[in-house]
Amino acid sequence: MKVVEERKAWIHTHFVVDSFYITAQECRQISISVEPELMQLGLQYGLTYNIAPSKHRAIIILECVPFDSVKAVIKQLIDDVIKDFPVRVPEQRNVVRNITVADPESSEPGSSEPSQKFS
């Protein structure tokens, strides 16, 4: 897994990763590894986790907007922690379209009258 995009969102910084979601255990591991480093950099804000609905990607949210040099360090810290995490893709669904009903006696598609046989 890796960070593929970073965005400034009002008072937060979003690090978008290339996976559909991050497990709770992985979130804890990221927080345990990155948050002490944030304090060393002088940031008192933590990380939260979400999913970008339009992109189907997980987001690691830093609760502030640091200077660009500090943001690059934080991105590198996150990348180092998540590099061995597996990438998860959204569940693929089969979609059925254009259903036609054929009359089994006449083998003509589109017959709207159901055939009724009584014995």
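Every heavy atom of this structure was used, including side-chain atoms; hydrogens, water molecules and symmetry mates were not.
- Of the inter-residue distances, the one linking C27 atom SG with L47 atom CG reads 9.5 Å to the nearest 0.5 angstrom.
- Hydrophobic clustering places I30 together with V87 (ILVMFWY residues linked when any side-chain heavy atoms are closer than 4.5 Å, directly or through intermediates).
- Formation of a donor-acceptor pair under 3.5 Å by the D79 side chain with backbone atoms of V3 is found in this model.
- For Y45, the OH atom counts as loosely surrounded, since its 6.0 Å shell holds 12 or fewer non-hydrogen atoms of other residues, nucleotides or ligands.
- Contact annotation: the side chain of I22 approaches that of V17 to within less than 4.5 Å [non-hydrogen atoms, C-beta and beyond].
- Applying the side-chain hydrogen bond (donor to acceptor under 3.5 Å, both in side chains) rule to pairs touching residues 30-43 yields S31-Y49, sequence neighbours excluded.
- Within the hydrophobic cluster formed by Ile, Leu, Val, Met, Phe, Trp and Tyr side chains joined at under 4.5 Å, directly or through other members, W10 is accompanied by I11.
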- [ ] Start with the C-alpha gap between L62 and H12, add the side-chain angles, then the distance that decides, and say whether side chain to side chain contact (heavy atoms under 4.5 Å, CB included) holds.
- [x] CA-CA 6 Å; L62 176 63; H12 300 123; over 6 Å; no
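- Around atom CZ of F20, more than 12 heavy atoms belonging to other residues, nucleotides or ligands sit under 6.0 Å away.
- Salt bridge annotation for E26-R28: absent, with no cationic side-chain nitrogen under 4.0 angstrom from a carboxylate oxygen.
- For E6, the side chain to side chain contact (heavy atoms under 4.5 Å, CB included) test picks out F15, K71, K75, with sequence neighbours left out.
- Note on I74 and I59: separate hydrophobic clusters, where clusters join Ile, Leu, Val, Met, Phe, Trp and Tyr whose side-chain heavy atoms are under 4.5 Å apart, directly or indirectly.
- When side chains are defined from C-beta on, R88 counts as touching M1, because their heavy atoms get closer than 4.5 Å.
- Residue I82 holds its CD1 atom at 11.0 Å from CD of Q29, rounded to the nearest 0.5 Å.
- Under the 4.5 Å side-chain heavy-atom criterion for Ile, Leu, Val, Met, Phe, Trp and Tyr, F85 and I78 are members of the same hydrophobic cluster.
- The CG atom of D18 sits 12.0 Å away from atom CD of E5, with the distance rounded to the nearest 0.5 Å.
- Shown here are the side chain to side chain contact (heavy atoms under 4.5 Å, CB included) partners of V73, two or more places apart in sequence or in another chain: L41, L77.
- Note: the hydrophobic cluster containing V16 does not contain V81 (ILVMFWY, side chain heavy atoms under 4.5 Å, direct or indirect links).
- Under the rule for a side chain to side chain donor-acceptor pair (under 3.5 Å), the partners of D80 that lie at least two apart in sequence or sit in another chain are Q76.
- Under the 4.5 Å side-chain heavy-atom criterion for Ile, Leu, Val, Met, Phe, Trp and Tyr, I61 and V65 are members of distinct hydrophobic clusters.
- Note on residues 39-51: no pairs pass salt bridge (Lys or Arg N to Asp or Glu O under 4.0 Å), not counting sequence neighbours.
- For the residue pair C64 and T13, the shortest heavy atom distance occurs at O-OG1, 2.8 Å.
- I32 and P36 get closest at one heavy-atom pair: O-CD, 3.2 Å.
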